[in-house]
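Please read the structure below before turning to the comments.
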Amino acid sequence: MDLTWTAEERAFRTDVQSFLQAKLPADLRAKTFAHQRLKREDYIRWHRILADQGWGAPTWPKEYGGTGWNPLQRLIFEVESFKAGAPRLVPFGISMIGPVLMKFGSPAQKAHFLPRIIRMDDWWCQGYSEPGSGSDLASLKTRAERVGDHYIVNGQKTWTTMAQHADWMFCLVRTDPQAKAQRGISMVLFDMRQPGVTVRPIRTLDGGAEVNEVWLENVKVSLDNLVGEENNGWTYAKYLLGHERTGIAGLGHCHRELAILKGMAERAASSGESLSLDSRVRDSINRIEAQVLALEMLLLRVAADASAEPGPQASILKIRGSEIQQDLARLQMQVAGPDAWQYDPEWLLAESAFHGPGPEYSAAAAAGYFDMRKTSIYGGTTEVQKGIIAKQIIGV
């Protein structure tokens with residue numbers, strides 16, 4: 001980040017860097033830099049280290065146990081954490097259902113779930129997309145029928161990220177099949193470990209199984225776990241997606257991958273010279289670095305507008321962030337060259353002794369490239385985001 005800092009901001013950044021140096025476990029740092037797959041307990045361990053510091057909810061107000069940081073402090077924390085090799089914060093609790101519950105949840109829901117999200121006592125997943133209802137989410141078919149003091153839920157969700165780890169799901173269901181598409185949808189919360197919930201992995205291009213399909217057969221959901229009002233779930237879904245798309249911009253991720261790209265170029269040989277000295281490679285790196293800085297400025301402008309909820313600006317951030325992350329992965333593949341043929345999905349699960357962007361990184365370059373193809377799909381496809389921009393900003 002190349003900004004004009006105040007003394008307070010410089011001191012805050014120094015505090016964050018010192019904390020990361022002292023508290024970020026070396027094994028997590030190594031696995032993250034190597035793009036190896038983190039285990040469930042790896043993520044939880046890091047979340048609880050942050051919670052013990054009082055930083056478990058960096059985007060939340062103090063009222064709900066958050067840090068109360070301003071937008072610039074949150075941005076500093078994100079970027080420095082990624083640069084240091086910290087695992088990303090799992091977004092489903094902190095960045096998605098947490099803000100929804102703070103705004104629309106009942107007092108009982110806030111009191112029970114929010115503290116557990118901060119310490120990651122509950123791992124959440126997102127029950128939105130369905131077969132045939134991805135970009136056209138309002139066409140979802142999963143039904144919830146009220147029976148006494150419960151709903152009975154039946155249907156199927158798909159592309160459910162990290163559902164294999166989840167304890168709870170926040171789920172969009174149709175509670176009024178006679179109403180217009182957006183009018184008859186509700187949001188409910190339920191325990192993923194109960195009978196009737198079946199999680200099946202979907203194998204992705206990089207050889208992983210981070211996404212899943214989830215089958216729901218007569219799943220029992222207490223009326224106490226209805227978020228807000230029945231049939232008003234579309235309002236809460238849009239609010240959540242605004243927060244999700246802003247986060248998908250992935251600024252910290254872009255900064256870290258840019259640093260790794262530069263390190264790879266310094267170490268790679270081309271005709272006896274470092275690739276960093278090749279004018280074409282240097283131009284590509286300079287160009288994408290300028291794009292990362294432009295994304296940072298745009299994110300700061302959106303985040304600094306405290307009076308506004310995430311709106312169409314979140315769609316712009318989502319598009320540019322997705323494109324830049326994909327471009328960084330492509331450039332890393334190009335710099336890795338033939339070394340990318342080392343790709344071995346099993347190696348990504350191993351314990352790593354990796355300490356920087358050296359030759360070992362090439363073993364994960366292909367996996368990173370394949371994995372980043374999904375960024376322009378999840379959270380709403382690029383085409384959908386352009387439609388939102390055209391309608392809400394341009395007015396067409």
Side-chain angles (χ1 to χ4, degrees), residues 1 13 16-47 49-50 55 75-91 162 206-208 210 247 249-268 274-276 281 285 288-289 292 296 321 324-337 339-372 374-375:
M1 299 172 69
R13 182 171 65 167
V16 171
Q17 291 170 337
S18 298
F19 167 78
L20 292 166
Q21 183 64 33
K23 298 296 185 179
L24 176 58
D27 63 316
L28 296 187
R29 186 193 306 268
K31 290 171 74 172
T32 302
F33 272 125
H35 285 189
Q36 291 184 292
R37 295 196 175 97
L38 299 180
K39 300 175 182 177
R40 186 180 193 269
E41 53 268 29
D42 292 332
Y43 287 107
I44 293 174
R45 177 160 50 121
W46 180 235
H47 272 260
I49 289 171
L50 290 172
W55 294 358
L75 194 62
I76 290 170
F77 174 75
E78 177 192 346
V79 171
E80 294 301 329
S81 294
F82 272 83
K83 283 183 176 179
R88 67 165 177 153
L89 294 181
V90 179
M162 294 185 174
D206 64 339
E210 189 178 65
L251 177 62
H253 180 270
C254 291
H255 274 286
R256 182 172 69 205
E257 297 308 306
L258 177 62
I260 289 175
L261 173 63
K262 290 179 178 180
M264 291 175 67
E266 289 288 347
R267 289 166 175 79
S274 166
L275 275 177
S276 64
V281 172
I285 293 174
I288 201 163
E289 183 169 16
V292 171
E296 183 175 303
I324 293 170
Q325 289 175 75
Q326 290 178 341
D327 287 345
L328 281 164
R330 175 180 53 80
L331 285 171
Q332 289 175 0
M333 273 282 283
Q334 291 177 347
V335 171
D339 290 340
W341 286 106
Q342 299 178 46
Y343 171 53
D344 177 5
E346 294 303 317
W347 178 84
L348 297 177
L349 298 172
E351 296 301 321
S352 175
F354 183 87
H355 296 291
E360 302 94 333
Y361 180 81
S362 297
Y369 173 80
F370 292 140
D371 188 49
M372 284 298 103
K374 69 188 181 187
T375 61

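Note that these values count all heavy atoms, side chains included, but never hydrogens, waters or copies made by symmetry.
- For the residue pair Q332/E257, the side-chain donor-acceptor check at 3.5 Å is satisfied.
- A distance of 11.0 Å separates CG in L28 from NZ in K39, rounded to the nearest 0.5 Å.
- Applying the side chain to side chain donor-acceptor pair (under 3.5 Å) test to Q17 and every residue at least two apart in sequence or in another chain returns E80.
- At a threshold of 4.5 Å between non-hydrogen side-chain atoms, the residues K262 and L258 count as touching.
- For the pair G368 and A329, the tightest heavy-atom approach, listed with the atom from each and the gap, is O-CB, 3.9 Å.
- Side-chain atoms of T32 and W46, non-hydrogen and from C-beta on, never get closer than 4.5 Å to each other.
- At distances below 3.5 Å, at least one donor-acceptor pair connects side-chain atoms of Q326 with backbone N or O atoms of M372.
- The main-chain N or O of G85 is never found under 3.5 Å from a side-chain atom of R256 such that the two would form a donor-acceptor pair.
- For the side chain to side chain contact (heavy atoms under 4.5 Å, CB included) criterion with S81, the lone passing option out of L24, L50, L20 is L20.
- Shown here is Q21, whose CD atom has no more than 12 heavy atoms of other residues, nucleotides or ligands within 6.0 Å.
- Residues satisfying the salt bridge (Lys or Arg N to Asp or Glu O under 4.0 Å) test with R45, not counting sequence neighbours, are D27, D42.
- L75 has its side chain within reach of E296: a pair of non-hydrogen atoms, C-beta onward, lies under 4.5 Å apart.
- Here the NZ-CD1 distance, from K23 to I49, works out to 8.0 Å after rounding to the nearest 0.5 Å.
- Between R29 and A84 the shortest heavy-atom distance is NH1-O, 2.8 Å.
- Taking 4.5 Å as the limit, every side-chain heavy atom of W55 sits out of range of all side-chain heavy atoms of L89.
- With sequence neighbours excluded, the residues satisfying side chain to side chain contact (heavy atoms under 4.5 Å, CB included) with R88 are Y43, F82, P91, M162, E210.
- In this structure, H253 NE2 and E78 CD are separated by 11.0 Å, a value rounded to the nearest 0.5 Å.
- Rounded to the nearest 0.5 Å, atoms CD (Q325) and CZ (R330) are 14.0 Å apart.
- Remark: D371 engages K374 in a side chain to side chain donor-acceptor pair (under 3.5 Å) (not counting sequence neighbours).
- Atoms CG and SG, on L261 and C254 in that order, are 11.5 Å from each other to the nearest 0.5 Å.
- Rounding to the nearest 0.5 Å gives a distance of 8.5 Å between CD1 of I324 and CG of L251.
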